[in-house]
Number of protein chains: 2
Amino acid sequence: MQTTPAATEHDPNPADICSAPPRRHPRPDGQDSYTISEVVAFTGLTAHTLRWYERIGLMPHIDRSHTGQRRYSNRDLGFLDFVTKLRLTGMPVADMVRYAELVREGDHTFGERQELLESTRRDVLTRIAELRDTLAVLDRKISFYADGVREYEREHAGC
Amino acid sequence: MQTTPAATEHDPNPADICSAPPRRHPRPDGQDSYTISEVVAFTGLTAHTLRWYERIGLMPHIDRSHTGQRRYSNRDLGFLDFVTKLRLTGMPVADMVRYAELVREGDHTFGERQELLESTRRDVLTRIAELRDTLAVLDRKISFYADGVREYEREHAGC
DNA sequence: TATGGCCTTGGAGTGCACTCCAAGCAAGCG
DNA sequence: CGCTTGCTTGGAGTGCACTCCAAGGCCATA
């Protein structure tokens, strides 16, 4: 119980949940085989989630040690980084699985993959625009608060 | 069944689901009382969702007609627009309810509301930064595809 | 006056993305 | 040898944000 808490299967301490983002360890060089708990430390994902990603076909079948334990390669970690980025865009997991399938199907899916990435790119641009919009609204509201104008009057003004 | 489809309780035609965003009607001027189906047309939310927002205390109690039907005011619509923007930021509904409660509690919650808005603002900035990051990754990947470089080689390159 | 359309309610159901559980195996250590 | 630690599995459970249902009220038009 005194060992590195980040390496266990359990929840992070609830008290930490708001105070710190899941700090990601840098991955060591010159190695191409990581246990699941190392990957947990690198990516901030839980071991549950990593196994689940494999079950649903988002990850390819991960290499195993002679005792059957997962050994992630640098390539797997690269793919995980990519997946994590896509997740931030709000892309559904099912779509990411679709992309992963295309990768596994080989070169003849090139066009489809490119399309998928480009449509994702458009979505990201849209989301950024929406967020900017929201930011403008927030800034306006915040400046009203700073000026001491009542919420009531703001609401009433028709926006 | 031949009347305006947007005004019914049912799903939009599944065939339309990808083709068009829920187009929002402009709200007519000089009026301060709208039925739930009008609000559906203005906001793109479903009637279910509107009633649910009220049940959980996200919306204040909406005015009723003499027959007990909801009549939304322009102020309610303004609040709904704001809520819709907050939703886009990924803010949990529970937090929005908290904000709504603060508004209802009156002027002495000014400070807390301002803080909440400012922390939301920081979150939005963070999300925009993440999305930009993701955009850069996508652009890199897309340009590799455009150059005909194999996915395999990209993955292998260590990113 | 009867039909259709829009509205009401509480409660139950859905889909997504995890998240956890119980049972069990393998390795390292005293 | 026994204990602890870390890992394995399939399947069940959780939390969020809706989403739908059944039963019924009101009211305008045919």
Side-chain angles (χ1 to χ4, degrees), chain A residues 1-12 14 17 22 33-41 43-59 61-72 80 83-84 86-98 100, chain B residues 1-12 14 17 22 33-41 43-59 61-72 80 83-84 86-98 100:
Chain A
M1 278 291 175
Q2 288 288 60
T3 56
T4 54
T8 74
E9 288 274 298
H10 305 301
D11 285 337
I17 247 165
S33 168
Y34 308 93
T35 65
I36 200 166
S37 61
E38 286 173 313
V39 178
V40 165
T43 63
L45 298 167
T46 71
H48 295 302
T49 301
L50 288 168
R51 289 193 276 259
W52 180 67
Y53 278 178
E54 196 177 337
R55 253 195 283 180
I56 63 175
L58 177 54
M59 296 293 292
H61 271 301
I62 303 297
D63 271 4
R64 301 302 173 115
S65 72
H66 68 105
T67 59
Q69 295 181 200
R70 287 174 181 77
R71 293 291 179 261
Y72 289 81
L80 275 173
V83 160
T84 300
L86 287 186
R87 222 172 40 118
L88 288 177
T89 70
M91 190 184 210
V93 169
D95 290 3
M96 297 196 282
V97 171
R98 176 83 192 119
Chain B
M1 277 291 175
Q2 288 288 62
T3 56
T4 55
T8 75
E9 287 274 296
H10 305 301
D11 285 337
I17 248 165
S33 168
Y34 308 93
T35 65
I36 200 166
S37 62
E38 285 173 312
V39 178
V40 164
T43 62
L45 299 167
T46 70
H48 295 303
T49 302
L50 288 168
R51 289 192 277 258
W52 180 66
Y53 278 178
E54 196 177 337
R55 253 196 283 180
I56 63 175
L58 177 53
M59 296 294 291
H61 272 302
I62 303 297
D63 271 4
R64 301 301 172 118
S65 72
H66 69 106
T67 60
Q69 296 182 199
R70 287 173 181 79
R71 293 289 179 263
Y72 290 81
L80 274 173
V83 159
T84 300
L86 288 185
R87 219 172 41 118
L88 288 177
T89 70
M91 191 184 210
V93 169
D95 289 3
M96 297 196 281
V97 171
R98 176 81 191 120

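Residue numbers begin at 1 in each chain, while the letters A, B, ... track the order of the sequences.
A residue-by-residue look at A:G90 and B:R64 shows that B:R64 has its nearest nucleotide of DNA chain C further toward the 5' end. When each of A:R70 and B:Q69 is assigned the nucleotide of DNA chain D with its nearest heavy atom, A:R70 is the one assigned upstream, toward the 5' end. Each of B:H66 and B:M96 lies near DNA chain D, and the nucleotide nearest B:M96 is the one positioned closer to the 5' end. Where A:R55 and A:T67 meet DNA chain C, the nucleotide closest to each residue was compared, and A:R55 sits on the side nearer the 5' end.
With B:V40 as the partner, the side-chain contact (heavy atoms from CB on, under 4.5 Å) test is satisfied by one option alone out of B:L50, B:T46, B:T49: B:L50.
Contact annotation: A:T46 side-chain N/O to C:dC18 OP1/OP2 distance is not under 4.0 Å. Distances shorter than 4.0 Å separate some side-chain N or O of B:Y53 from OP1 or OP2 on D:dC18.
Nucleotide D:dG6 holds its C1' atom 12 Å from the CD atom of A:E38, rounded to whole Å. If you take NE2 of B:H48 and P of D:dA22, they are 12 Å apart, rounded to a whole angstrom. In this structure, A:W52 places its CH2 atom 14 Å from C1' of C:dC20, rounding to the nearest Å. The separation between B:M91 atom CE and D:dC16 atom P is 15 Å, rounded to whole Å. For the pair A:I56 CD1 and D:dG10 P, the computed distance is 14 Å after rounding to whole Å. Taking atom CG of B:L50 as the reference point, atom C1' of C:dC6 lies 15 Å away to the nearest angstrom. Rounded to whole Å, atom P of D:dC16 lies 17 Å from atom CZ of B:R98. B:R51 places its CZ atom 16 Å from the C1' atom of D:dA17, with the value rounded to the nearest Å.
Nucleic acid contact class of B:R87 (heavy atoms, under 4.0 Å, all strands): sugar-phosphate only. Residue B:S65 is classed as having no contact, given no heavy-atom separation below 4.0 Å to the nucleic acid.
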Donor-acceptor pairs under 3.5 angstrom involving side-chain atoms of residues 86-97 of chain A: please list them, not counting sequence neighbours.
from	atom 1	to	atom 2	distance (Å)
A:T89	OG1	A:L86	O	2.5
A:T89	OG1	A:M91	N	3.3

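Judged by distance alone, with hydrogens and angles left aside, the side-chain atoms of B:E54 form no donor-acceptor pair with the main-chain N or O of B:R51 at under 3.5 Å.
At a threshold of 4.5 Å between non-hydrogen side-chain atoms, the residues B:L80 and B:V39 count as touching. Looking at B:R64 and B:R71, their side chains never come closer than 4.5 Å, going by heavy atoms from C-beta outward.
Side-chain atoms of B:I36 lie closest to C:dC7 of the nucleotides C:dA27, C:dC7, C:dC18.
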